[in-house]
2 protein chains.
Amino acid sequence: MSQNTGPRRAPTMADVAQVAGVSHQTVSRVLANHPNVRESTRAEVLRAIEQLGYRRNSSARALVTRRTLTLGVVACNPTLFGPSSMLFGLEEAARDEGYMVSAVTLRRYTQKALEEAIDHLSDWGVEGIVVMVPHRQAVSALAQLRLPFPVVTVEGGHSLPIPGVSVDQELGARLVTGHLLAAGHETVWHVAGPPDWLEAEARLDGWRATLEEAGAVVPPPLQGDWTPLSGYRAGQELAGRVATSSARRGTPDVTAVFVANDQMALGVLRAFREAGLSVPGQVAIAGFDDIPEAEFFAPPLTTVRQDFAAVGQASIRLLLSRLESGGAGTADDAERVVIEPRLIVRSSSKPT
Amino acid sequence: MSQNTGPRRAPTMADVAQVAGVSHQTVSRVLANHPNVRESTRAEVLRAIEQLGYRRNSSARALVTRRTLTLGVVACNPTLFGPSSMLFGLEEAARDEGYMVSAVTLRRYTQKALEEAIDHLSDWGVEGIVVMVPHRQAVSALAQLRLPFPVVTVEGGHSLPIPGVSVDQELGARLVTGHLLAAGHETVWHVAGPPDWLEAEARLDGWRATLEEAGAVVPPPLQGDWTPLSGYRAGQELAGRVATSSARRGTPDVTAVFVANDQMALGVLRAFREAGLSVPGQVAIAGFDDIPEAEFFAPPLTTVRQDFAAVGQASIRLLLSRLESGGAGTADDAERVVIEPRLIVRSSSKPT
DNA sequence: AGCGTTATTGTTAGCGTTCACAGAGTGCCC
DNA sequence: GGGCACTCTGTGAACGCTAACAATAACGCT
C-alpha cells in the first residue's frame, strides 16, 4: 500500500492516459467530445478519469487555446438592490454559457479607480468586460481607452459608440410623472439623483419633458444622492414648502413628488410623516426601482419596476455576441439593448 | 509604415526581450522585481514593455507557478443587503492581496446546486473558496466533500471542523431581547427566519435563552422566510392576537416583538399599521441587520447592526492564512472568527 | 488483389511563463 | 595572479494542454 501521503500533485492528462492505456491525446479527445473515439476506449478513459479524480488544468488549456473563458465586471454600488440584482442575473447567464465571471467593485467612481479595476481584470486575462458604472464621465473615459477586448456598458447612455444595455429610464420617469398628472395634480415635484449619474439625468429629463408637454409648471428639482438620508433632507425641505405655501396662498404648491429612487422616497416619507403631512392624502409620492421593500413602505410605494436580472442577462448576451463576431474594441455599429420599465401603482399615489 | 493592422497577437516576453536587447529571462526578472538587475537594463526593459504595451500572460504564469491567484465564492441570496455587502468587502480584501475573486450565486440552496457551484469554481482552478450559504445542510454537505483546496465558511455555524467567520447572532438576539425586557415588557414575541438557516436558529436560540433566563414566558415563535411579505403575514397574526387577547383579558399579551430581520420587520410594521396598532405605543418592535433603510422605517427601527464588510474581509484573511499554511481540506484546529454585533436603538422600541 | 476512403490512435511541436543552472564579468584578498 | 565571492545575464528545460500531422487498421468498391 504505497499510498503516497505527501502533497501529491493533481493528476495530469498523461497520468490518465497511462491508466487507461492510451495516449494523452486520446484523453484530450474524450474530454473534447470528439466523435472519432471508439466507444470502448472512451469508456476506459472515463473510468480512468473517475478513478484518479482528474480535472483538466484550466491554465494549460487557456494557454494553448488563448481563451480564458472568463468575463470581467466592474460594478459601482454593489450593495444596492439594482446593481446586485444585475450582477446576479449576469453571473448566472455567463455561467450558463460556460464562462466564469470575475467582479471588481468600485467604492466610488473615479477615473483612476475605473482604470485600475479594468487593469486588474486585464491582468487576469478576461475575454471581455461589462461595465456597470453609470457615471457620465465613466462612459466617456471608457470610450477613450482602447482595450484589446470587447466592452459592454450597462446604463451607459446612448451618446457614445459603445454597445450597451439599459432600461429606458426616461420612459419610466414619463410613466410616473404622467400617472401623477393624470391623478389631477397640477404639477409634480422631483427629487433627483446625483447629477453625474446618467440614470438620474434620464429620469430628470423624462420628468421635465412630461411636465412641459402637459403645459405644467416645472418646479426646481431637489438634489439627492440615492440614500434615504438625502431623501429625508429633501423631504424636510418639501414639507417646509407645503407649510409656508399653504399659509401664504391657502393652497399648497407641492401635492405630488416623484422621487428618483425608492430609497430616497423612503426618506421623503419619513420627513413628511414627521411633518404631519399625510401621504397620499396631502401629497402623493412615487419612487423608482421597485425594491422588494417598496410594497411595504408606509404607505406602499408607487414606483417603476426595472427587470434588473434581465439587464444582466442581456449584457452577457451582448458581450458574447461581440466576442464571437471577433469585434474587439472598436465597434461603429454599437448595438444597444433597451429594456422597458413598468409602472407599479400602489397607495402612495392613490387619491384617498 | 508596416503597421500590421491584422489581429496581431499580444506581445510576449520574447518580444519585449528583443526590443530591449536582453533575454526573456531578464524581462521576467524585471517583472518579478528581482534585485540583481542593473538599473540601466531594468529601465531599458521597462521602456520596451511600455512601448509594446506588454502584459504578462496570466495563464502561462499560472501554469508554471501552479498558482492562479483566484479565489472562489459561493453566495446564496446575493441581492439581499447582507450577502452583497459581504461579497463587496470580500472582493476588496482579496484584490488588496493580489487575488481575483470569482463568484457563483445560488438561486436556492440544494445540495446539487452547491456541488455544481463548487465544481464550476474548481474547473477554473481557484486556490480556495469562501462559502456563504448559511444552511445547516450546506455546511454538513461541505464537510463531506474532500476538496483539494481550503474552504472557509461564512455564518456556517460552529458544529463542524471547517474554518469560518460569523457574526455572533445569538449575542445579537440576546441584546435585542434583553433590551425589550428591560423596557418593561413581560415577554417578547419572535418572528423567526426559515428553520434551516443557521442564522435564524441562532437568533431563535438567543431569544429563547434570554427569556428563560429572565423567567419570562416563551411564546411560540412565528415562522417567516426573510421576505417582507412573510413578515406581513406574521404581523397580521400577531395583530389578531393583540385584538382578541385585549378583548378577552383586558390586557394584550403581545407588547413586544423581535423580528429576525429588518425586511420582515417592515412587513410586521405594515400589518400593525393596517390593524391600527401603534408602534411603539402599543407594541414595541425590533429587527436584525440594520439595513440602510431601517433608520427610515415608520417608525425608525431598533435593530442589530452587523459589520458585513468586516465579515467579508475576515473570511479572506482566514482563507489566505489557510492557503499559506498549506492547509488543504483537512483542518482539525478549525479556526473560527467571531464578530460582535451591536444593538442600535431607535424609536420602534422606545417607550413613548 | 489493389486502391481510396474513413475511423481510430499516436507523435511531435508549440502556447508564454518561471525555475535551475551555467557563464561572464568585476572586485578583493592573500 | 589565482581563488573566491558577488553581481548580472543567458540557456535550456519544464508546466499540462491542444493542434496539426502522421500512422495504422478497417472497410468498401472496382
Side-chain angles (χ1 to χ4, degrees), chain A residues 7-46 48-49 52-70 98 122-127 148, chain B residues 7-49 52-70 98 100 122-127 148:
Chain A
R8 73 168 164 288
R9 285 227 289 263
T12 91
M13 217 168 230
D15 298 330
V16 175
Q18 194 178 4
V19 169
V22 297
S23 77
H24 65 126
Q25 176 62 313
T26 300
V27 178
S28 175
R29 273 191 273 257
V30 168
L31 255 33
N33 257 319
H34 192 97
N36 288 350
V37 177
R38 204 195 311 153
E39 210 40 60
S40 62
T41 49
R42 179 189 305 277
E44 199 70 31
V45 168
L46 288 176
I49 287 176
L52 294 178
Y54 169 75
R55 305 200 78 119
R56 191 151 53 171
N57 179 316
S58 61
S59 303
R61 188 171 152 75
L63 176 58
V64 65
T65 59
R66 299 161 184 291
R67 312 230 25 207
T68 57
L69 297 179
T70 301
S122 312
D123 278 343
W124 263 257
V126 294
E127 294 185 32
Chain B
R8 72 168 164 289
R9 285 227 289 262
T12 90
M13 220 167 226
D15 299 331
V16 174
Q18 195 178 4
V19 169
V22 296
S23 77
H24 66 125
Q25 176 62 333
T26 299
V27 178
S28 176
R29 272 192 272 257
V30 169
L31 255 32
N33 257 317
H34 192 97
N36 288 351
V37 178
R38 204 194 312 153
E39 211 39 62
S40 62
T41 49
R42 179 188 303 276
E44 198 70 33
V45 167
L46 289 175
R47 196 146 55 80
I49 287 176
L52 295 177
Y54 168 76
R55 305 200 78 119
R56 190 150 56 171
N57 180 317
S58 61
S59 302
R61 188 171 151 76
L63 176 58
V64 64
T65 59
R66 298 161 184 292
R67 311 230 25 207
T68 56
L69 297 180
T70 300
M100 187 71 152
S122 312
D123 278 344
W124 264 256
V126 294
E127 294 185 33

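Both backbone and side-chain heavy atoms feed into the values below; hydrogens, waters and symmetry mates do not. The chains referred to below are lettered A, B, ... by the order of the sequence lines, with proteins before strands, and numbering in each begins at 1.
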Handout entry: Residue met sooner reading DNA chain D from 5', once B/Glu39 and A/Tyr54 are mapped to nucleotides
Key =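 Nearest-nucleotide comparison on DNA chain D picks B/Glu39.
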What's the [atom1]-[atom2] distance between [X] and [N], to the nearest Å?
X       : N      : atom1 : atom2 : result
B/Gln25 : D/dA14 : CD    : P     : 16 Å
B/Arg38 : C/dG25 : CZ    : C1'   : 10 Å
B/Arg55 : C/dG16 : CZ    : C1'   : 16 Å
A/Leu63 : C/dT17 : CG    : P     : 9 Å
B/His24 : D/dC15 : NE2   : P     : 17 Å
B/Glu44 : D/dT9  : CD    : P     : 11 Å
A/Asp15 : D/dC15 : CG    : P     : 11 Å
B/Met13 : D/dG12 : CE    : P     : 18 Å

Starting at [atom1] of [X], measure out to [atom2] of [Y] and round the result to the nearest 0.5 Å.
X       : Y       : atom1 : atom2 : result
B/Ser28 : B/His34 : OG    : NE2   : 10.0 Å
A/Leu52 : A/Met13 : CG    : CE    : 12.5 Å
B/Arg38 : B/Thr26 : CZ    : OG1   : 10.0 Å

[X] versus [Y], closest heavy-atom pair with distance:
X       : Y       : answer
A/Ala62 : B/Ser59 : CB-OG, 3.3 Å
A/Ala10 : A/Asp15 : O-OD2, 4.4 Å
A/Leu31 : A/Tyr54 : CD2-CE2, 3.6 Å

Determine the contact category for [X]: base if any of its heavy atoms lies under 4.0 Å from a base atom, sugar-phosphate if only primed atoms, P, OP1 or OP2 are that close, otherwise nothing.
X       : result
B/Arg56 : sugar-phosphate
B/Thr65 : sugar-phosphate
A/Asn36 : base
B/Ser58 : nothing

Problem - Any donor-acceptor N/O pair under 3.5 Å between D/dG10 base and B/Arg29 side chain - result: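 Present.
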Any side-chain N or O of [X] below 4.0 angstrom from OP1/OP2 of [N]?
X       : N      : result
B/Thr41 : D/dT9  : yes
B/Ser28 : C/dT17 : no
B/Thr26 : D/dG10 : yes
B/Arg66 : C/dT18 : no
B/Thr12 : C/dG16 : no

Handout entry: Out of D/dG10, C/dG16, D/dC17, whichever nucleotide has its closest atom nearest the side chain of B/Val22
Key =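 It is D/dG10.
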Problem - Nearest-nucleotide comparison on DNA chain C, the residue closer to the 5′ end among A/Val37 and B/Ser59 - result: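 Whichever sits nearer the 5' end wins; that is A/Val37.
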